[in-house]
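For reference, the structure discussed in these notes is given below.
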Number of protein chains: 2
Amino acid sequence: MKTETRKDEIIKTAAKLFKEKGYSAVTMRDLASAMGMKAASLYNHIKSKQEILKEIIISLAEEFTEGLALIQKSNISSIRKIEEVVKLHVNITSQNTYGMASLNNDWMHLEEKLDYYLELRANYEQNLRQIVVEGVEQGEIIDENIEIMLFSILSTLRSLYLWIPKKDYLNPEKLSQQLSTVLVKGINKKID
Amino acid sequence: MKTETRKDEIIKTAAKLFKEKGYSAVTMRDLASAMGMKAASLYNHIKSKQEILKEIIISLAEEFTEGLALIQKSNISSIRKIEEVVKLHVNITSQNTYGMASLNNDWMHLEEKLDYYLELRANYEQNLRQIVVEGVEQGEIIDENIEIMLFSILSTLRSLYLWIPKKDYLNPEKLSQQLSTVLVKGINKKID
DNA sequence: CAAGCAAACTAACAACTGTTAGTTTTTTTA
DNA sequence: TAAAAAAACTAACAGTTGTTAGTTTGCTTG
């Protein structure tokens, strides 16, 4: 792992600002000021504002794609796969909560890379759907509306970037485990 | 119910644009163009861009606050209360998916009304927490991490604005019922 | 049909936007 | 320590922003 370049610092700082106000509301002068420099100086390190957003979002999207591919070809039950997906989201989000905000809220400003992002996203959802479908077929998962189950799981996992920075934060392992429990078993008390 | 004023049309159109690109990326000229008029003409109906956002967000936030207050004082079990909260979100979101996007993503641009919004939001979460706490005390809800259960439920309900406009949409009653099932009972198949 | 009014228009503003060009300063390297 | 490279700077640009002022259009009503 190489030491962090100035470009990396800019991207990290930008992600933080993008989370607070959204991509469009952050100006290059805001970003420069947060970096302790003038706006023009940023262009010694980056090509454009656009490029910053692209770097933030695409690298994360590819990380999710690769992570899910690994889970999918592993030889475990569907429920276990879903537990691994929870871990994947918790781990990636823990390492980059700021970037996850852009991934969720600023992807529409991607321009040239928008189609590529949408493709990655559609594939990700399709692969996760596949896991759920197999779980239903094998009798591990209830035969309810698959889209609703998918929506509920993904909504929760995509919102992790809002929750993880809070004070009552657990370590990634505990969070993953407890979140899996809630998503898989629900919240109601079983009658023993 | 009075007939829709020009101001209402502007707010509705703005909400649609805000959902697509976010508040900051929508210009008054974009909005005017979508209304078939010139930007300056908007100011015959509204005070500022800011005011449009305020109207969209605050009215929705108050609707949620009032709805939850009603549920809270009703004489039903905690699980039933949570099912009513699901209905509340599904109903409000069904009637205004565009506005819900602003409520979720653009609240940080509220300026003068920001504190009021944050107060409503904190109260809402506290009241929902109260329902879950009571459910645990009365043995209806599992004794897992309450914040995680709350987070999972709220994340799903707050994302409804993304899901409801999709093609495979159910009517509000069916959606509420199936969503409640997934949130309360989870997705795993019980061993009979 | 004249008066009044709501709602559109044109023109313009000052501030702000992302970005470029050219220059100076600082750090690294030989 | 001199040269080269990296990273900051100042100044400026052309276009865009929300908004105001003043004017014109078109509908409603007495």
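Owing to the predicted nature of the structure, the values given are computational and were not obtained by experimental measurement. Below, chains carry the letters A, B, ... as their sequence lines are ordered, and counting in each starts from 1.
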- Which pairs count as ring-ring contact (aromatic ring centres under 6.0 Å, His included) when at least one residue sits in residues 4-32 of chain A, sequence neighbours excluded? F18(A)-Y23(A), Y23(A)-H109(A)
- Between the base of dA8(D) and the side chain of N44(A), is there any donor-acceptor pair under 3.5 Å? yes
- With a 3.5 Å cut-off and no angle check, do the side chains of T5(A) and D8(A) form a donor-acceptor pair? yes
- Query: Does H45(A) put a side-chain nitrogen or oxygen below 4.0 Å from OP1 or OP2 of dA8(D)?
  - Reply: yes
- For the pair made of CE in M37(B) and P in dT25(D), what is the distance, rounded to whole Å? 18 Å
- Would you say a side-chain N or O of S41(B) is under 4.0 Å from OP1 or OP2 of dA7(C)? no
- Task: Using only heavy-atom distances, determine whether the side chains of E134(B) and Q130(B) contain a donor-acceptor pair under 3.5 Å.
- Result: yes
Name every donor-acceptor pair, under 3.5 Å, that has one atom in a side chain of residues 154-162 of chain B and the other anywhere in the protein, sequence neighbours excluded.
{"unit_1": "S155(B)", "atom_1": "OG", "unit_2": "F151(B)", "atom_2": "O", "d": "2.7"}
{"unit_1": "T156(B)", "atom_1": "OG1", "unit_2": "S152(A)", "atom_2": "O", "d": "3.4"}
{"unit_1": "T156(B)", "atom_1": "OG1", "unit_2": "T156(A)", "atom_2": "OG1", "d": "3.3"}
{"unit_1": "T156(B)", "atom_1": "OG1", "unit_2": "S152(B)", "atom_2": "O", "d": "3.0"}
{"unit_1": "R158(B)", "atom_1": "NH2", "unit_2": "E125(B)", "atom_2": "OE2", "d": "2.8"}
{"unit_1": "S159(B)", "atom_1": "OG", "unit_2": "S155(B)", "atom_2": "O", "d": "2.8"}
{"unit_1": "Y161(B)", "atom_1": "OH", "unit_2": "N105(B)", "atom_2": "ND2", "d": "3.1"}

- Could you state the NZ-P distance from K38(A) to dT25(C), rounded to the nearest angstrom? 14 Å
- Rounded to the nearest angstrom, tell me the gap between atom CD1 in I10(B) and atom C1' in dA8(C). 11 Å
- Item | Nucleotide dA6(D), atom P - distance to CD of E9(A) in whole Å | 17 Å
- To the nearest angstrom, how far is L42(B) atom CG from dA6(C) atom C1'? 15 Å
- Does a side-chain heavy-atom distance below 4.5 Å link K7(B) with E51(B)? yes
- Message: I need a per-nucleotide contact map over nucleotides 12-21 of chain C, read 5' to 3'. Cutoff is protein heavy atoms under 4.0 Å; write B for the base, S for backbone only, - otherwise.
- Response: B----BBBBB
- Query: Do the ring planes of F64(B) and Y124(B) sit parallel (below 30°), tilted (30 to 60°) or perpendicular (above 60°)?
  - Reply: perpendicular
- Item | Length of the CG-C1' vector between L31(B) and dG18(D), whole Å | 12 Å
